[in-house]
Amino acid sequence: MSAQKGKIRKITVEERILLANEQLAAQNRALLDRFGVFALNFMASPGAGKTSLIEYTVRALRGKMRLAVVDGDVASSLDSERAAAAGARAVQINTGGACHLDATMLRQALKQIDLGETDLLIVENVGNLICPINFQLGTHKSVLIASIPEGDDKPYKYPGMYRGVDALVINKIDLLPYLDFDLDYFRRGVEALNANLETFVISCRGGEGLTEWRGWVEREVAQRARLLQPTRLNRRG
Ligand code: MG
Ligand code: ZN
């Protein structure tokens with residue numbers, strides 16, 4: 001009886017943490033919407049190519065829209081330096097050991113960004129395929145970056161991540177001829193978890209599929225701007 005009580009109480013505490021985070025995430029979303037910022041949450045295992053895809057996206061779109069990047073890492077500012085070199089305003093969050101970003105961390109980073117001068121915000125989460133999906137940040141869409149060297153079994157091993165995202169990027173496709181990666185087996189695993197998931201097969205190194213990816217980001221930013229327009233007009237009227 002007492003063991004059962006203890007178990008129930010533990011679940012409640014975890015749920016309370018997630019609920020508090022969700023409330024803060026909703027505040028972040030409202031803040032982003034007020035300034036018309038479209039925000040993406042990039043998640044992946046370490047080394048999948050999140051920062052490389054950010055560099056490409058910033059270079060491809062910087063003439064068309066105003067970009068900001070928030071980089072989450074346990075330590076170092078290496079990734080935000082790369083994003084800044086590509087042409088984005090970049091803020092580094094060092095989690096000091098935490099294996100995911102949460103809404104409070106993003107809120108702190110947003111204070112350092114001029115949101116009125118931003119159209120697209122990319123958040124690079126900590127490299128980890130487990131818990132980042134459980135912590136909403138307030139971003140509009142989440143993107144999972146998988147890569148060929150990780151192996152084709154990842155959808156089967158990390159279903160929560162694959163189930164929870166809005167788009168999937170399969171990076172390093174140029175390495176497919178050299179590795180035992182069964183693309184059909186991988187895709188079947190994804191399909192079972194998240195049917196009709198928007199998927200891009202790319203190589204940041206070779207350039208394959210990047211035009212399609214860039215087109216998707218541009219459409220999403222434009223669609224968000226259209227959605228927000230009536231609210232702004234109503235406020236003025
Ligand atoms: Mg990185
Ligand atoms: Zn974590």
Side-chain angles (χ1 to χ4, degrees), residues 25 28-29 31-45 48-72 79-80 82-93 101 106 109-110 113-127 132-133 136-148 161-162 164-174 190 194 196-229:
N28 286 347
R29 172 74 70 94
L31 183 67
L32 293 166
D33 285 345
R34 200 184 313 146
F35 286 97
V37 180
F38 177 70
L40 291 172
N41 179 12
F42 277 21
M43 292 180 282
S45 65
K50 296 185 294 302
T51 312
S52 297
L53 187 59
I54 287 173
E55 285 179 309
Y56 165 78
T57 309
V58 170
R59 290 209 173 96
L61 299 177
R62 66 186 173 191
K64 296 188 162 187
M65 58 183 76
R66 299 163 299 175
L67 292 111
V69 173
V70 171
D71 281 289
D79 285 358
S80 60
R82 283 172 64 186
R89 277 154 307 130
V91 175
Q92 183 77 45
I93 302 174
L101 293 181
L106 182 60
L110 291 181
I113 295 170
D114 188 347
L115 295 174
E117 295 295 320
T118 305
D119 302 304
L120 171 63
L121 169 72
I122 302 176
V123 180
E124 179 177 347
N125 217 309
V126 180
I133 196 70
Q136 292 180 20
L137 303 179
T139 49
H140 298 91
K141 295 223 163 159
S142 52
V143 181
L144 171 59
I145 295 121
S147 70
I148 300 301
M161 180 60 81
Y162 281 82
V165 293
D166 302 297
L168 170 67
V169 173
I170 306 170
N171 190 23
K172 309 190 189 184
I173 196 65
D174 52 311
V190 175
N194 198 336
N196 308 316
L197 181 63
E198 196 90 47
T199 303
F200 304 92
V201 180
I202 71 155
S203 166
C204 283
R205 201 154 152 257
E208 199 172 339
L210 287 174
T211 311
E212 288 78 8
W213 159 255
R214 167 209 178 135
W216 180 78
V217 176
E218 283 185 290
R219 282 195 304 279
E220 290 292 327
V221 172
Q223 199 180 338
R224 174 63 36 181
R226 276 199 302 277
L227 275 175
L228 289 173
Q229 222 162 17

Between [atom1] of [X] and [atom2] of [Y], what distance do you get to the nearest 0.5 Å?
X      : Y      : atom1 : atom2 : answer
Asp79  : Ile54  : CG    : CD1   : 7.5 Å
Ile173 : Glu208 : CD1   : CD    : 6.5 Å
Asn41  : Leu121 : CG    : CG    : 9.5 Å
Thr139 : Ile122 : OG1   : CD1   : 11.5 Å
Asp119 : Arg224 : CG    : CZ    : 13.5 Å
Leu40  : Asp166 : CG    : CG    : 9.0 Å

Taking all non-hydrogen atoms of both residues into account, name the closest pair between [X] and [Y] and its distance.
X      : Y      : result
Ser142 : Val165 : OG-CA, 3.4 Å
Ala44  : Lys50  : CB-CG, 3.6 Å
Leu137 : Leu106 : O-CD2, 3.5 Å
Ala68  : Thr118 : CB-CG2, 3.9 Å
Val69  : Ala88  : CG2-CB, 3.8 Å
Leu197 : Ala167 : CD1-N, 3.7 Å

Counting only N and O atoms by type, is there a donor-acceptor contact under 3.5 Å from the side chain of [X] to the main-chain atoms of [Y]?
X      : Y      : answer
Asn194 : Tyr162 : yes
Gln136 : Ala25  : no
Arg66  : Leu120 : no
Arg89  : Ile113 : no

Query raised in the report: For Phe42, which of Val169, Asn125, Ile145 qualifies under side-chain contact (heavy atoms from CB on, under 4.5 Å)?
Result: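 Answer after filtering Val169, Asn125, Ile145: Ile145.
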Query - Audit row: His140, Val37, side chain to side chain contact (heavy atoms under 4.5 Å, CB included) steps and yes/no - result: CA-CA 9 Å; His140 298 91; Val37 180; 5.8 Å; no
Query - Salt bridge flag under 4.0 Å for residues Arg214 and Glu218 - result: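 Yes, Arg214 and Glu218 are salt-bridged.
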Query raised in the report: Between Leu53 and Trp213, does a side chain to side chain contact (heavy atoms under 4.5 Å, CB included) hold up when you go through it step by step?
Result: CA-CA 10 Å; Leu53 187 59; Trp213 159 255; 3.6 Å; yes
Query raised in the report: Is Lys172 close to Asp174 at the side-chain level, that is, under 4.5 Å between some pair of heavy atoms?
Result: yes
Query raised in the report: Could you walk me through whether Val143 and Trp216 pass the side chain to side chain contact (heavy atoms under 4.5 Å, CB included) check?
Result: CA-CA 12 Å; Val143 181; Trp216 180 78; 4.2 Å; yes
Requested in this report: Scan side-chain atoms only and decide if Ser52 and Arg205 contain a donor-acceptor pair under the 3.5 Å cut-off.
Outcome: no
